[in-house]
Amino acid sequence: MNGAYVAVDIGASSGRLMLAQITKNNQIQLQEIHRFTNGFKMVAGHERWNIDYLIHEILTGLEKVKKAGFKQVHLGIDTWAVDYVLVDHQGKKLCDPISYRDKRTAHAIADLTSDFSKDYLYEKTGIQFQDFNTLYQLYEEDQALLAKTDKIMMIPDYIGYVLTGQAATEVTNASTTQMLNLRGGLFDKDLLSKINVHDEQFAKLVEAGTYLGPVMTDWMDTFDLPITDVITVATHDTASAVVGTPAVGHDWAFLSSGTWSLLGTELNVPENGRQAFHENYTNEWGAYGTYRFLKNIMGLWVAQCVKHGYQDKYSFSELAAMATKEKPFQQFIDINDERFVNPKDMIAEIQTYCRETHQTVPTTPGEVMMAIYANLALFYANELQKLNKILGCSLKTLNIVGGGSNISLLNQMTSTLSGLEVVAGPNEATAIGNVLVQMISTGEVKDIVAGRKLIKESFELKQYQPEANHYEGVLARYQSFLEHQDKELV
Ligand SMILES: Nc1ncnc2c1ncn2[C@@H]1O[C@H](COP(=O)(O)OP(=O)(O)OP(=O)(O)O)[C@@H](O)[C@H]1O
Ligand SMILES: C[C@H](O)[C@H](O)[C@@H](O)C(=O)CO
Ligand SMILES: [Mg+2]
């Protein structure tokens, strides 16, 4: 009988436990067992995640797996990147983890790179400059807490540790710290000493697919759990999403479209040259020795904030439906502008941006959502052109996965503006990539090529082709708008 695999996939906006099995007709069957919300709150002066709540939700979800009749399962954990938990010498967390959207790192890059030039850092690590990278968070960390810290654990590694008692640092997520040295493949000693952190404050680095251990029986005293063997998967959720992307051949790009839009392609060697540095592309490590050459784009975070701004009275599909009734490209917005990272009122921020740039101000929910989707599509198309230029390639297909792959309007606009075929789905690609690494570890699936073929044959995917004579010249106008904005900022 084929095994039962549980993916714990926790994004910035929601978490879920998905149960996967390979059926008799060789298809991956995926069912949602448990879903819960996620989010950060201001606690003790910083925006923090409630990690104990997340662990409780995971154990609640595992109880549901047992109730569904599964007595023994494998389990993998993936979450968002860069954030960490400080653990003391007794194995206890020193405080709740601070969110990457907290303001504490607003000036950290400038402070840290006064000694280390950005070129030097990028040449060493190949990682994008985002002020919330772990390197800058630790640079700003409370030194008294760091002094009491035995281990610094990335979020999914910490969850695995709490469940199994085993500590490891999985490389795909470790690479998002901007502290791994591309050549040496280990934490960079110069960078560690700059932020008063010691090598032994990280558990051993492990590759995706490494067996971690069984969920401790202690947890069985309070939760009715199946026997659960934890495998360290590609624990950065985006790395799992890339594993779960049903791509074939080589001239494809991925867009992991959720809270963030992570647009890029999979490389076998990193690309940390001048153009990549100038365009702030990153070489996050992938599963099986690959690199995720990608750019962080503000993504559907903006839509999430707008939904909350309307007091959540509309669902995402209702908001998307309202947008389809509006004309696109009434205003150009640099969707990656810092001002959209965590404003108090996203709707007002978008309207102020349009007023300041002397453009039509969106007022209705449909106009606001169309402004977001149209400018995301433009941003994607612009970045796909840059990807081709930096890598000297000619990408043919964009695989859009994650919740955003449900947005037909956005998928179609992206295809038409970029000229690429868009293949949309699966929306739960992250969870699918999570279980695929588990299945490869147990030998149930041969390798990632076989796995991606299995995904293509197991899930409904939608194709979008560029629509002729649509949006002529809009992308070029958008690109000159962005150049003008950049000049304004200098
Ligand atoms: N039917 C839909 N119509 C419009 N938008 C949708 C739909 N379904 C999902 N979305 C969009 O997808 C987003 C959630 O995507 P996803 O579930 O991949 O994010 P997540 O995994 O919770 O978070 P993260 O991106 O941090 O992993 C929502 O914020 C919403 O904007
Ligand atoms: C902050 C990270 O870049 C972000 O979390 C992104 O990598 C991610 O994990 C999206 O879910
Ligand atoms: Mg996600």
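Of all the heavy atoms in Asn342 and Lys103, the pair that sits closest is O-NZ, 3.6 Å. The two residues Asp251 and Ser394 have their closest heavy-atom pair at CB-O, 3.7 Å. For Val341 against Pro343, the heavy-atom pair with the smallest separation is C-CD, 3.8 Å. Residue Asn336 comes nearest to Asn296 through the heavy atom pair ND2-O, 3.1 Å, listed as atom of the first residue, atom of the second, then distance. Taking all atoms of both residues into account, the shortest heavy-atom contact from Thr430 to Ala241 is OG1-CB, 3.4 Å. Heavy-atom minimum distance, Gln465 versus Gln412: O-NE2, 2.9 Å.
Using the six-membered ring where Trp is involved, Tyr314 and Tyr310 have ring planes that are perpendicular, over 60° apart on the 30 and 60° scheme. Using a 30° and 60° split on the angle between ring planes, Tyr353 and Phe340 fall in the tilted class, from 30° to 60°.
Formation of a donor-acceptor pair under 3.5 Å by the Asp157 side chain with backbone atoms of Met153 is not found in this model. In this structure a side-chain-to-backbone donor-acceptor pair under 3.5 Å is present from Gln330 to Pro328. Remark: the backbone N or O of Gly76 is paired with a side-chain donor or acceptor of Asn434 at under 3.5 angstrom. Checked by atom type and distance alone, the side chain of Glu367 pairs as donor or acceptor with a backbone atom of Thr363 at under 3.5 Å. No donor-acceptor distance shorter than 3.5 angstrom exists from the side chain of Glu170 to the backbone of Ala168, with no hydrogens or angles considered. Judged purely by atom type and a 3.5 angstrom limit, Thr416 has no side-chain atom pairing as donor or acceptor with the backbone of Met413. The main-chain N or O of Asn411 is never found under 3.5 Å from a side-chain atom of Ser415 such that the two would form a donor-acceptor pair.
Salt bridge status for Arg355 with Glu349: absent, with no side-chain N to carboxylate O gap under 4.0 Å. Salt bridge annotation for Lys295-Glu284: absent, with no cationic side-chain nitrogen under 4.0 angstrom from a carboxylate oxygen. Taking 4.0 Å as the cut-off between side-chain N and carboxylate O, Glu57 and Arg35 do not count as a salt-bridged pair. The existence of a salt bridge linking Asp102 and Arg48 is excluded, since no basic side-chain nitrogen approaches an acidic carboxylate oxygen closer than 4.0 Å.
In summary, the side chains of Arg16 and Ser14 do present a donor paired with an acceptor at a separation below 3.5 Å, with no hydrogens or angles considered. A donor atom on one side chain and an acceptor atom on the other are found under 3.5 Å apart for Gln385 and Gln479. No side-chain donor from either of Tyr291 and Asn272 sits under 3.5 Å from a side-chain acceptor of the other.
Counting heavy atoms of neighbouring residues, nucleotides and ligands inside a 6.0 Å radius, atom NZ of Lys344 does not exceed 12 of them. Heavy-atom contacts from other residues, nucleotides or ligands closer than 6.0 Å to CD of Glu460 number 12 or fewer.
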* Checking side chain to side chain contact (heavy atoms under 4.5 Å, CB included) for the pair Ile155/Val85: CA distance, chi angles, key distance, verdict? -> CA-CA 6 Å; Ile155 298 287; Val85 180; 4.1 Å; yes
* Could you go step by step and tell me if Thr134 and Met154 meet the side chain to side chain contact (heavy atoms under 4.5 Å, CB included) rule? -> CA-CA 9 Å; Thr134 316; Met154 305 304 284; 3.7 Å; yes
* To do: Might you work through the side chain to side chain contact (heavy atoms under 4.5 Å, CB included) test for Gln137 and Asn133, ending with a clear yes or no?
  => CA-CA 6 Å; Gln137 293 196 45; Asn133 289 349; over 6 Å; no
* Show your working on side-chain hydrogen bond (donor to acceptor under 3.5 Å, both in side chains) between Gln178 and Tyr136 and close with a plain yes or no. => CA-CA 9 Å; Gln178 200 174 16; Tyr136 311 114; 2.6 Å; yes
* Given salt bridge (charged side-chain N to carboxylate O under 4.0 Å, His left out), test Lys389 with Glu279 step by step and report yes or no. => CA-CA 11 Å; Lys389 189 162 167 284; Glu279 294 295 348; over 6 Å; no
* To do: Test Tyr464 against Ser408 for side-chain hydrogen bond (donor to acceptor under 3.5 Å, both in side chains), laying out the working first.
  => CA-CA 9 Å; Tyr464 298 80; Ser408 298; 3.1 Å; yes
* Test Arg477 against Glu483 for salt bridge (charged side-chain N to carboxylate O under 4.0 Å, His left out), laying out the working first. => CA-CA 10 Å; Arg477 289 202 336 265; Glu483 276 154 34; over 6 Å; no
* Asked: Does the pair Glu47 and Ser99 meet the rule for a side-chain hydrogen bond (donor to acceptor under 3.5 Å, both in side chains), with working shown?
  -> CA-CA 6 Å; Glu47 301 284 13; Ser99 163; over 6 Å; no
* To do: Would you check, one step at a time, whether the test side chain to side chain contact (heavy atoms under 4.5 Å, CB included) holds for Val242 with Glu266?
  => CA-CA 8 Å; Val242 173; Glu266 189 174 71; 3.6 Å; yes
* To do: Would you please test Asn268 and Tyr288 for side-chain hydrogen bond (donor to acceptor under 3.5 Å, both in side chains) and show each step?
  => CA-CA 9 Å; Asn268 292 317; Tyr288 311 116; over 6 Å; no
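Annotation: Phe40 is not in aromatic contact with Tyr100 [ring centroid separation under 6.0 Å not met]. Residues Phe329 and Tyr471 place their aromatic rings such that the two centres sit under 6.0 Å apart.
Thr177 has its side chain out of reach of Val82: every pair of non-hydrogen atoms, C-beta onward, lies at least 4.5 Å apart. Proximity of Leu461 to Pro246: side-chain heavy atoms (C-beta onward) are separated by under 4.5 Å at one or more points. For the pair Asp78/Ile10, no side-chain contact is recorded, criterion being any heavy-atom separation below 4.5 Å from C-beta on. Contact annotation: the side chain of Leu205 approaches that of Leu186 to within less than 4.5 Å [non-hydrogen atoms, C-beta and beyond]. Residues Thr265 and His250 are not in side-chain contact: their nearest non-hydrogen atoms beyond the backbone lie 4.5 Å or more apart. You'll find the side chain of Thr172 stays beyond 4.5 Å of the side chain of Glu207, heavy atoms only. The side-chain heavy atoms of Cys354 and Thr360, taken from C-beta on, include no pair separated by under 4.5 Å. Phe481 places none of its side-chain heavy atoms less than 4.5 Å from the side chain of Gln331.
Applying the ring-ring contact (aromatic ring centres under 6.0 Å, His included) test to residues at least two apart or on different chains, none of the pairs has a partner in residues 367-399.
Both tests do not hold together for Lys118 against Phe277: distance to the six-membered ring centre under 6.0 Å, angle to the ring axis within 45°. A cation-pi arrangement is found for Lys307 relative to Phe316, the charged atom lying closer than 6.0 Å to the ring centre and inside a 45° cone about the ring normal.
Across Val401, Val248, Thr245, Thr397, a single residue satisfies side chain to side chain contact (heavy atoms under 4.5 Å, CB included) together with Val423, and that is Thr397. Each of Val306, Val361, Asn375, Asp345 was checked for a side chain to side chain contact (heavy atoms under 4.5 Å, CB included) with Ile350, and the lone residue meeting it is Val306. If you run side-chain hydrogen bond (donor to acceptor under 3.5 Å, both in side chains) between Arg104 and each of His46, Glu140, Glu141, only Glu141 comes through. A ring pair (Phe, Tyr, Trp, His ring centres under 6.0 Å) with Trp80 is found for one member of Phe132, Trp301, Trp49, Trp260 and no other, namely Trp49.
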